[in-house]
Amino acid sequence: MRSTEIMRETRETCIKLFLSLDGGMREIDTGIGFFDHMLNSFAVHGGFGLTVHCKGDLAVDGHHTVEDVGIVLGQALAQVLGGKRGIARFGSSYVPMDEALGFCALDCSGRPFLVFDAPMPQPMCGQYDTSLTVEFMRALAMNAGLTLHLKCLYGSNAHHITEALFKALGRALCQAVSLTANQEVLSAKGTL
């Protein structure tokens with residue numbers, strides 16, 4: 001099983017996260033309903049098992065919760081992939097969500113970088129601040145060692161735009177972490 005469990009506690013958040021790249025249970029509770037929905041969509045469309053329990057300082061706002069979950073999910077992904085031997089490495093996906101079209105391309109390169117081009121037409125989706133999507137994606141990319149490109153090609157509803165991006169991320173990551181017949185690291189250098 002390609003899985004791991006991580007616990008992280010700070011003065012702002014307490015997170016327990018389990019990730020399985022090969023499927024499994026999904027149970028997500030961060031205290032932010034819309035964010036839970038996005039993480040579940042990511043896991044469902046990636047085919048991942050994911051449990052997340054987070055107690056954050058939501059009396060302040062959702063920033064620490066969303067960013068810290070991105071940090072821990074990135075750490076879990078890096079831990080599970082290890083030396084990245086035998087994985088496809090690259091993945092990409094377009095996902096339509098009503099009027100919105102989201103795109104994700106990524107490389108499990110070990111060289112973290114984020115390009116995020118997805119303006120949000122509305123500032124909030126329920127209790128979720130839409131400006132936190134880029135914060136989550138940055139934390140994920142930096143801690144997982146992903147080169148991550150996300151773009152909304154068009155869309156007028158922040159809920160649809162955000163959901164298309166999370167689903168595209170799941171689908172692209174599913175491709176990238178899929179096992180190949182070749183058990184070598186997919187790099188001309190021989191290492192990532």
Side-chain angles (χ1 to χ4, degrees), residues 6 8 10 12-13 15 17 19 21 28 30 32 34-43 45-46 48 50 52 54 56 61-82 84 87-95 97 100-125 128-155 158-178 186-187 192:
I6 294 183
R8 179 178 190 263
T10 71
E12 298 166 340
T13 60
I15 299 170
L17 182 145
L19 172 66
L21 299 183
I28 299 163
T30 66
I32 305 171
F34 182 78
F35 186 45
D36 295 350
H37 177 44
M38 294 302 99
L39 291 171
N40 187 65
S41 292
F42 158 77
H45 291 276
F48 308 132
L50 181 65
V52 181
C54 177
D61 66 11
H63 190 286
H64 299 139
T65 293
V66 173
E67 182 177 35
D68 287 7
V69 169
I71 289 170
V72 175
L73 181 58
Q75 290 172 343
L77 184 59
Q79 190 172 2
V80 169
L81 291 178
K84 303 178 187 82
I87 64 166
R89 181 179 165 183
F90 298 96
S92 63
S93 180
Y94 284 95
V95 171
M97 181 76 186
L101 182 61
F103 173 71
C104 176
L106 60 83
D107 177 7
C108 298
S109 63
R111 295 186 306 278
F113 199 88
L114 175 68
V115 175
F116 187 90
D117 182 9
M120 297 291 171
Q122 294 84 35
M124 300 294 290
C125 290
Y128 178 84
D129 180 343
T130 58
S131 71
L132 296 180
T133 302
V134 66
E135 300 301 330
F136 170 82
M137 298 300 181
R138 182 179 298 113
L140 175 68
M142 295 303 137
N143 286 275
L146 299 177
T147 301
L148 178 59
H149 292 244
L150 290 152
K151 181 175 181 62
C152 175
L153 284 80
Y154 43 79
H159 182 135
H160 298 159
I161 292 168
T162 306
E163 190 161 349
L165 294 175
F166 271 84
K167 288 177 177 176
L169 172 66
R171 292 180 60 82
L173 191 58
C174 179
Q175 290 175 20
V177 303
S178 65
L186 190 58
S187 170
L192 289 173

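Each residue takes its place number in the sequence, starting with 1. Any value given below was found using the heavy atoms of this structure, including those in side chains, with hydrogens, waters and symmetry copies removed. This is a predicted model, so every value here is computed, not measured.
- Between Thr65 and Gly56, the closest heavy-atom pair is OG1-CA, 3.4 Å.
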Can you give the donor-acceptor pairs under 3.5 Å from side chains of residues 140-149 to other protein atoms, not counting sequence neighbours?
from: Asn143; atom 1: ND2; to: Ala139; atom 2: O; distance (Å): 2.8
from: Thr147; atom 1: OG1; to: Ser109; atom 2: OG; distance (Å): 3.0
from: Thr147; atom 1: OG1; to: Arg111; atom 2: O; distance (Å): 2.8

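- The shortest side-chain heavy-atom distance between Leu114 and Leu150 falls under the 4.5 Å cut-off.
- Looking at Ser92, its side chain never comes within 3.5 Å of a backbone N or O of Ala172 through a donor-acceptor pair.
- When every heavy atom of Pro121 is checked against every heavy atom of Gly155, the shortest pair comes out as CG-O, 4.3 Å.
- Not a single side chain to side chain donor-acceptor pair (under 3.5 Å) links His45 to another residue, sequence neighbours left out.
- Nearest approach of Ile32 to Gly62, heavy atoms of both residues: CD1-CA, 3.9 Å.
- In this structure, the side chain of Thr10 engages the main chain of Glu12 through a donor-acceptor pair within 3.5 Å.
- Distance check, rounded to the nearest 0.5 Å: CG of Leu173 to CG of Leu81 gives 7.5 Å.
- Classified by interplanar angle (parallel below 30°, tilted 30° to 60°, perpendicular above 60°), the ring pair Phe34/Tyr128 is tilted.
- Across Lys151 and Leu165, no two heavy atoms sit closer than the pair O-CD2, 3.6 Å.
- The two residues Leu106 and Ala176 make their nearest non-hydrogen contact at CD1-CB, 3.5 Å.
- Taking the six-membered ring where the residue is Trp, the centroids of Phe166 and Phe42 are separated by 6.0 Å or more.
- Heavy atoms only, all atoms of each residue included: Ala88 and Gln175 are closest at CB-O, 3.3 Å.
- By the neighbour-count criterion of 12 heavy atoms within 6.0 Å, atom CZ of Phe116 is densely surrounded, having more than that number from other residues, nucleotides or ligands.
- A 4.5 Å side-chain heavy-atom check between Val69 and Phe35 finds at least one atom pair inside the cut-off.
- By the side chain to side chain donor-acceptor pair (under 3.5 Å) test, Thr30 is found to be paired with Asp36, residues two or more places apart in sequence or in another chain being considered.
- Sorted by first and then second residue, the pairs that involve residues 132-145 and meet salt bridge (charged side-chain N to carboxylate O under 4.0 Å, His left out), not counting sequence neighbours, are Glu135-Arg138.
- Under the side chain to side chain donor-acceptor pair (under 3.5 Å) criterion, Asp107 pairs with Arg89, not counting sequence neighbours.
- Using a 4.5 Å heavy-atom cutoff, the side chains of Met97 and Ile161 are not in contact.
- Here the CG atom belonging to Leu19 is positioned 6.0 Å from the CG atom belonging to Leu50, to the nearest 0.5 angstrom.
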*Where do Cys54 and Asp68 land on the side chain to side chain contact (heavy atoms under 4.5 Å, CB included) test, with the steps shown first?*
CA-CA 9 Å; Cys54 177; Asp68 287 7; 6.0 Å; no

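- Taking CE of Met38 as the reference point, atom CG of Leu169 lies at 12.0 Å (rounded to 0.5 Å).
- Ser93 contributes no side-chain N or O that, together with a main-chain N or O of Cys104, makes up a donor-acceptor pair within less than 3.5 Å.
- Residues Thr130 and Met124 fail the side-chain proximity criterion, which asks for heavy atoms closer than 4.5 Å.
- Of the inter-residue distances, the one linking His63 atom NE2 with Ser131 atom OG reads 7.0 Å to the nearest 0.5 angstrom.
- Residues Gln122 and His159 are not in side-chain contact: their nearest non-hydrogen atoms beyond the backbone lie 4.5 Å or more apart.
- Remark: side-chain polar atoms of Glu67 are not paired, donor with acceptor, to backbone N or O of Phe136 under 3.5 angstrom.
- In this structure, the separation between OH on Tyr94 and CG on Leu101 is 7.5 Å, given to the nearest 0.5 Å.
- With sequence neighbours excluded, no residue satisfies side chain to side chain donor-acceptor pair (under 3.5 Å) with Ser178.
- Atom-to-atom distance recorded for His64:NE2 and Leu132:CG is 10.0 Å, nearest 0.5 angstrom.
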